[in-house]
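Contents: one structure, followed by commentary.
Residue numbering restarts at 1 for every chain, and letters A, B, ... go by the order of the sequence lines.
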There are 2 protein chains.
Amino acid sequence: MTNHVTRAGGTSDSRLTQPAYDIDPDDIPDIVIRRLPIYVRTLKGLVESGSRSVSSEELASLIGVTAAQIRRDLSYFGKFGKQGKGYDIEHLSGAIEQILKLDRQWPMVLLGMGRLGHAIASYRGFSRSSFTIAGLFDADPAKVGEKVNDLVIRPMSEVADAMREEGIRVGIIATPRVQAQEAADLLVKGGAEAILNYAPVILRVPEHVTVREIDPVSALQSMTYYIDRD
Amino acid sequence: MTNHVTRAGGTSDSRLTQPAYDIDPDDIPDIVIRRLPIYVRTLKGLVESGSRSVSSEELASLIGVTAAQIRRDLSYFGKFGKQGKGYDIEHLSGAIEQILKLDRQWPMVLLGMGRLGHAIASYRGFSRSSFTIAGLFDADPAKVGEKVNDLVIRPMSEVADAMREEGIRVGIIATPRVQAQEAADLLVKGGAEAILNYAPVILRVPEHVTVREIDPVSALQSMTYYIDRD
DNA sequence: TAGATTGTTAATCGATTAACAATC
DNA sequence: TAGATTGTTAATCGATTAACAATC
């Protein structure tokens, strides 16, 4: 789930909102990291609505968590608020984006260009959110060469080389289930450190690679448990 | 997250693998419920591969969890294995499917027929997994009447009535962000007890309604935190 | 029977919450 | 200044793991 990064030498600028000592990503619970995107999203919504600052209490009620949790989560990374005032929305939003490394655009490769792959390739939500699909790949020679949104589908065998050449370290798997592990292996070979997996399989990857599953079927299958009458 | 079901009167058939006393769904951690679909999926894979029984140890290594966790999870629901032997794969799989109420087909309504909605409507994975899309709805009159896979898109205003008439209690939201809460309200009005939400918003729903989020952007945004070099 | 593996309890680990001193 | 709200610590809650008696 996590890797073993240690950030290099702390700076001595005491005005930084980041704590002066180094943060080891391994010291911060992954569950906290997974909440940060929701904080950013909600803060950006507040910016749109014209607000300038929020208290942890207000933010918490918007998100549906406790104020204590928000304050504790943020305290892992530094001090971002003002007692009596709350948080400056733009500042906090920017700070979390920096923590998550969302202050840049991440190119991604997409593996598997069936129905699902096509839908993902055409999805507009990624680019607004620091991500760009930069390469499409499929194992089926019949699909290779097809053009999808200005990108040409390339042969699966070229993934690893393409990733290294283009400095891509994020991959999306949208292959059929049985080819997903193979796809993951290729991504790892290409130097992937983050994999978004739409295939219904648990992938085996080295410890330094993070994987997140997108699994609507499992989500549905767990909800029916709670449904009352038949 | 959970509701307040109590199953009616326990049976006296002592051969049942289900415990004779009643299980209150609220007594079982949601995190356990969310793992059950993965157990089923993995067991079905084992059936395909021709195996007849598995130990908790083997199953655990396939899934990437501990054997203790699997045994403890299952113990919430009854006794499914044989000491010295392990679990009969078909039997365990069937038992968990019954617990999750996957021993039937669940009709669903899909709200929002933009790009994403179309992709979801065309997805084949649901029907193999106890779910059927039975109704398509959109707020845009221009889309109403359009035929997608044998289903005609109906006006959003008809959702609640359609759900009640057809006895549908599962809904999928694929509307734009700003219309998602409105869509959720309509689903609740129609008697929904389970909502799969693809829109990037936290939905407000009554306590007896379960919601699960499908949020690939947040998943990506939390993974970049762990990426090493820039 | 001996060996293997379950089901379950108690110990451990980790995350959430409550409380409050610090401080804007 | 008084009031509000943060940042942080300690207490609580909940989930995971280890260990092992029960038993196939």
**Study point:** Pair B/Tyr226, A/Asp30: side-chain N/O donor-acceptor within cut-off below 3.5 Å
**Key:**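 Yes - a donor-acceptor pair under 3.5 Å links their side chains.
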Exercise for review: Ignoring hydrogens and angles, state whether a donor on the side chain of B/Gln105 or B/Ser130 is under 3.5 Å from an acceptor on the partner side chain.
Suggested key: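 No.
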Whole Å only: how far is the [atom1] atom of [X] from the [atom2] atom of [N]?
X	N	atom1	atom2	result
B/Tyr87	C/dA4	OH	P	17 Å
A/Gln69	D/dG7	CD	P	16 Å
B/Tyr76	C/dT9	OH	P	12 Å
B/Glu57	C/dG3	CD	C1'	15 Å
A/Phe77	D/dT6	CZ	C1'	17 Å
A/Leu59	D/dG7	CG	P	12 Å
A/Ile89	D/dT5	CD1	P	14 Å
B/Arg72	C/dA11	CZ	C1'	12 Å

Practice item. Assign each of A/Arg35 and A/Lys82 to its nearest nucleotide of DNA chain C by heavy atoms, then name whichever residue's nucleotide is nearer the 5' end. Key: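 Nearest nucleotide further toward 5': that of A/Arg35.
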Practice item. For B/Gly86 and for A/Ala68, locate the closest nucleotide of DNA chain C by heavy-atom distance; then report the residue assigned to the nucleotide nearer the 5' terminus. Key: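 Result: B/Gly86.
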Point to revise | Evaluation steps, side-chain contact (heavy atoms from CB on, under 4.5 Å), between A/Leu203 and A/Ile173 | key: CA-CA 10 Å; A/Leu203 300 174; A/Ile173 295 178; 3.7 Å; yes
Point to revise | Distance below 4.0 Å between A/Ser56 side-chain N/O and D/dT6 OP1 or OP2 | key: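 Yes, A/Ser56 has a side-chain N/O under 4.0 Å of OP1/OP2 on D/dT6.
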State which of [options] makes the closest approach to the side chain of [X].
X	options	result
B/Lys79	C/dT8, C/dT6, D/dT16	C/dT8
A/Ile31	C/dT16, D/dT16, D/dT23	C/dT16
A/Arg71	D/dC20, C/dA4, D/dG7	D/dG7
A/Gln83	C/dA18, D/dT23, C/dC24	C/dC24

Check your understanding: What pair of heavy atoms forms the shortest contact from B/Ile214 to A/Asp215, and how long is it?
Key ->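 Minimum heavy-atom separation between B/Ile214 and A/Asp215: CD1-C, 4.3 Å.
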Point to revise | N/O donor-acceptor pair under 3.5 Å between B/Arg41 side chain and A/Pro200 backbone | key: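 Answer holds: yes.
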Exercise for review: With a 3.5 angstrom cut-off on both distances, give the Watson-Crick or G-U wobble partner of C/dA21, or none if there isn't one.
Suggested key: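 C/dA21 is paired, partner D/dT6.
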Point to revise | Mate of D/dA15 where both pairing distances stay under 3.5 Å, Watson-Crick or G-U | key: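 Because both required distances fall under 3.5 Å, D/dA15 counts as paired with C/dT12.
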